[in-house]
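Keep in mind it's a predicted model, so treat the numbers as computed, not measured. We count ligands from 1, going down the list as the structure has it; atoms in each ligand are counted the same way.
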Amino acid sequence: MEISTAFVAGATGFTGRAVVEILCKRGVNTFAHVRPDSPSLDKWRESFSAIGAHIDTTSWDDEKKLAATINAISPGVVFSLLGSTRRRARLEGLPAKAAYETVDYGLTVRLLEAAEASSVKPRFVYLSALGADKGHGEYMKARKRAEERIRKSELPWIIARPSFITGKRDEPRRGEKLAATVSDTCLAALRRLGAGRLQDRYGSTSNRALADRLVELALDPAAAGGIFEGPLLTVG
Ligand SMILES: NC(=O)c1ccc[n+]([C@@H]2O[C@H](COP(=O)([O-])OP(=O)(O)OC[C@H]3O[C@@H](n4cnc5c(N)ncnc54)[C@H](OP(=O)(O)O)[C@@H]3O)[C@@H](O)[C@H]2O)c1
């Protein structure tokens, strides 16, 4: 079945906005979800409208409304591109563990359940992280549990596990940027010594390259039930 409509949760994120743009360019009727209490709602309304996307502002707090929204929009694919960070948690006055539990696990499962409850049964594309299957640390634990729940779903799901996501962000992420640079430099050196597969698996990816691949996977029925990381995620 060809996909003509998409719902993107986490549309305001670094990866999400690139996914929205690529979907619109490919002629997919795209609904970009923005939380209703976003302080930048007007800005998002303007920038998403300018590229031809619709804005949806259904509250995360009302499960039934979220399911009704998915039902009404009838997307062929739902993207879950949400996530918290230590910095975001601090700004929202939450311990990091609570933020990972509420956002990385909680909102993902809420979105999945809304999609499951709809009559459309869309594909569900989940942006996870490399190492989620190991579940070390609070962030990865939340990701692991979200993945486990998604894999039990009867919806056709796709899980993507990138390493670092690089590019020019609005907010400073110096630690992440430094870690990506150090990691990429070491991996490039290892490639010269013949360990190129490590670079393929652990190398960073730009938000645009990742978004391109996520859209490609979302539109490919054969990708359902797949977990994509390393070369599978970056090579088209
Ligand atoms: N960054 C990396 O290097 C990296 C590596 C591997 C995997 N990942 C994973 O990939 C995903 C996307 O990464 P990214 O860098 O594109 O993310 P990002 O720019 O930090 O965007 C996160 C998205 O989640 C939403 N969000 C966060 N907290 C929320 C809350 N309390 N309620 C509602 N929405 C909330 C944000 O909405 P607002 O704009 O409204 O806040 C935004 O749309 C994340 O899940 C991340 O864990 C990231």
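Around NZ of K65, the count of heavy atoms belonging to other residues, nucleotides or ligands within 6.0 Å does not exceed 12. Atom NZ of K121 sits in a crowded spot, with more than 12 heavy atoms from other residues, nucleotides or ligands closer than 6.0 Å. Counting heavy atoms of neighbouring residues, nucleotides and ligands inside a 6.0 Å radius, atom CD of E46 does not exceed 12 of them.
Using a 30° and 60° split on the angle between ring planes, H33 and F7 fall in the tilted class, from 30° to 60°.
Taking all heavy atoms of L127, V19, T166, L82 into account, the minimum distance to atom 45 (O) of ligand 1 is reached by L82. Counting only non-hydrogen atoms, the option in Y139, W60, F14, F164 that gets closest to atom 8 (N) of ligand 1 is Y139. Closest heavy-atom approach to atom 24 (O) of ligand 1 among the candidates G13, G10, G83: G83. Summarising the contacts of atom 5 (C) of ligand 1 with S163, S80, S38, the nearest heavy atom is found in S163. When the heavy atoms of T205, T85, T12, T108 are ranked by distance to atom 43 (O) of ligand 1, first place goes to T12. Residue R35 holds the heavy atom nearest to atom 35 (C) of ligand 1 of all those in R17, R35, R161, R88. Closest heavy-atom approach to atom 2 (C) of ligand 1 within the set T15, L210, I165: this belongs to I165.
Atoms of ligand 1 lying under 4.0 Å from at least one heavy atom of E92, given by number and element, are 31 (N). Each of the atoms 32 (N), 33 (C) of ligand 1 lies under 4.0 Å from some heavy atom of L107. Shown in contact with A129 at under 4.0 Å from a heavy atom are these atoms of ligand 1, numbered in order with element: 6 (C), 7 (C). Atom numbering of ligand 1 starts at 1 in the shown order; those under 4.0 Å from a heavy atom of P162 are 6 (C), 7 (C).
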- prompt: Going through the distances and angles, do I227 and W157 end up as a side chain to side chain contact (heavy atoms under 4.5 Å, CB included)?
  reply: CA-CA 9 Å; I227 297 177; W157 51 262; 3.9 Å; yes

message: Under the criterion side chain to side chain contact (heavy atoms under 4.5 Å, CB included), I'd like the reasoning laid out for V109 against R145: C-alpha separation, chi angles, the key distance, then a yes or no.
response: CA-CA 10 Å; V109 170; R145 286 178 54 228; over 6 Å; no

task: In sequence, state the C-alpha distance, the side-chain angles, and the governing distance for R88 and V103, and then conclude on side chain to side chain contact (heavy atoms under 4.5 Å, CB included).
output: CA-CA 11 Å; R88 271 180 188 275; V103 179; over 6 Å; no

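Closest approach of I70 and A114 over heavy atoms only: CG1-CB, 4.2 Å.
Contacts between S128 and ligand 1, counted as non-hydrogen atom pairs separated by less than 4.0 Å, involve the backbone only.
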